[in-house]
Amino acid sequence: MKIAGIKINTSRLALYLLAIAITIVMLMPFAWMLSASLKLNREVFQFPIHWIPPHPRWQNYIDIWTKIPLTTFIYNTAKITIIVTLLQLLTSSFAAYAFAKLRFPHRDLLFLGYVATIAMPWQVYMVPQFLMMREMGLYNTHLAIICLQAFTAFGVFLMRQFYMSIPDELCEAARVDGMSEYRIWWNIMLPLSRPALSTLTIFTFVFAWNDFLGPMIYLTKTELKTIQIGLRMFISQYSAEYGLIMAASVVALVPVLAVFLVLQRFFVEGIASSGLKG
Amino acid sequence: MVASTPSNGGQKPARRRALSRRQRKLRSYLVAYSFIAPNFAGFAIFTLGPILFAFALAFMHWDGSNHIGFAGLDNFWKLFHDAGFIAAFWNTIIYTAFSVPLTMVCALGLAILLNQKLAGRNFFRTAAFFPYVASLVAVAVVWNMLFNPEMGPVNMILYTFGVDPKDLPGWAADKDWAMVTIILFGIWKNMGYFMVIYLAGLQGINAELYEAADLDGATAWQKFWNVTLPQLTPTTFFVSVMLTIQSFKVFDQVFMITQGGPGTSTLVLVYHIYNEAFISWDLGYSSMVALVLFLLVLVVTVVQFRLTREE
């Protein structure tokens, strides 16, 4: 096909149209959210949709901070998320190094035990876990959420799969040079595993930031709540304040979007090297 | 380098020579265990312990504050008389039966599309992945507004396309459409993640296989059936297991969009576990329901494993 002297490949054109159509479906709810967050309640459901509000109401973004303790919610969530992510990266890569590069009795059995629990939904044992935490005096504390998210089998599995792809000779050479195992982990393995660490960071950060059921069960005091249950509380209290709800939702989304965009170039690589090869 | 290996005596440091072979071995084990210890301690206390506790609790009577009593099979028999459980069981199966194949097909299609050399390919990939990382509370509330039966843009669009107002779906508010709404939401939210896994699988296929197929004059469709799909079998297995597990434990989106209703039309297993535990405080019974969830996951995983092996 030729249009105005430019040769256009029809099948490629179809591919582009398809890709654009899917992208619109995937992103439309976010565009609508952003647009509604700048509208008055009565404008939100106007049809046809005004994607760009004629009189953007920035006031919505000011009002949400006074209607609910959004600052507290964000602080709580950021605190939990950052501690969980750091603990997860540190302990997972540490344990994974032993599973991938060291020899010791019952190594494979122990690893199998880890992997078997990945398939075990958290919901199966959330009730006994809650009872145990309550006995330990962790009900209504952030420590409970940190403890239940920071030590996952998934993290160990992901890091171990990545370390398996790093040649053993590298560690052997370092050992011969007299490096201790701890130094090898710190100086050689960690710098090499940036893609896997990025993948794990995205997963952990996103999971901890967005977790709903955990904080809902453990945190009932308003001053302890995370952004997700805070947002949920806001939605049920002000169910007709559409513009404000959308503004608060945008605020809850931004940190995840930021982390994701910064780290996403590692993402496909990270999953490719860790998720699939047994 | 050779000179410093232990078998070539003489140049080793004195301290090292003093340790016997056995001591050195023991030391290396201790080092290995010290690597595992921090993670394993947390894992054992907060995951392994509760899992064992969960199995025991399923055969107990407990309301969380008074004495624990042995229940034998009481909780098990109760399953068969509990209308809520029966509804939740079948709804979970229905959700899984639809969302797993539909998400897989969408994810694979999207992965093949975005594996082509398109300009802006990374943008398209990021866009498709974004719903997966977005806060569920935030996107569920948008979803509820978009699919609002009276005012939502989705029904407005259907209306402008000529759908009779009486035939417009009630989405989350209609017992016949509530599950459809939940399933559509799940596909939209999760397909991007599985697309990334399929992309990784596609990139692992040897390009020579396609070259050979081209030499034989294979069409694009034939290449898909005879090269792409068979080569993707391990990926498909992984994706189907992950998706099935994820579908069996669906909760957040149900809680956010329909609260299990209308009636029990979207009540799912995890919702029932939550209700029995934290609303009714029947902890033993809720653990029995959790045990059913676990067995479902186990059976499906084993069956899928067998099926892939036979192929």
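A, B, ... follow the sequence lines: proteins, then strands. Residue 1 opens every chain.
The side-chain heavy atoms of B:Met256 and A:Arg232, taken from C-beta on, include a pair separated by under 4.5 Å. Here the side chains of B:Trp62 and A:Leu131 are in contact, with some heavy-atom distance below 4.5 Å.
Of residues 248-258 of chain A, those residues with a non-hydrogen atom less than 4.5 Å from any non-hydrogen atom of chain B are, in numerical order, A:Ser249, A:Leu253, A:Val256, A:Leu257. Near-neighbour residues of residues 244-251 of chain B relative to chain A, defined by a heavy atom under 4.5 Å from a heavy atom of that chain, comprise B:Ile245, B:Lys249, B:Phe251.
Residue A:Tyr182 touches chain B through both its backbone and its side chain, counting heavy-atom pairs closer than 4.5 Å. Heavy-atom distances place the side chain of A:Ile245, and not its backbone, under 4.5 Å from chain B. For A:Trp185, the part lying near chain B is the side chain, with the backbone staying farther off; criterion is any non-hydrogen pair under 4.5 Å. A:Val156 touches chain B through its side chain: at least one heavy atom from C-beta onward sits under 4.5 Å away, while N, CA, C and O do not.
Residues that satisfy the side-chain contact (heavy atoms from CB on, under 4.5 Å) test with A:Glu181, not counting sequence neighbours, are A:Tyr97, A:Leu102, A:Arg175, A:Ile184, B:Val31, B:Phe35. Remark: B:Tyr198 engages no residue in a ring pair (Phe, Tyr, Trp, His ring centres under 6.0 Å) (not counting sequence neighbours).
For the options B:Phe55, B:Trp188, B:Phe294, heavy-atom pairs under 4.5 Å to chain A are most numerous at B:Trp188. Ranked by non-hydrogen atom pairs under 4.5 Å with chain A, the options B:Leu136, B:Leu146, B:Asp252, B:Leu52 are led by B:Leu146.
Ring planes of B:Phe46 and A:Phe151: parallel class, angle under 30° (limits at 30 and 60°).
Of the residues A:Phe154, A:Tyr114, A:Phe157, the one that meets the ring-ring contact (aromatic ring centres under 6.0 Å, His included) test with B:Phe43 is A:Tyr114.
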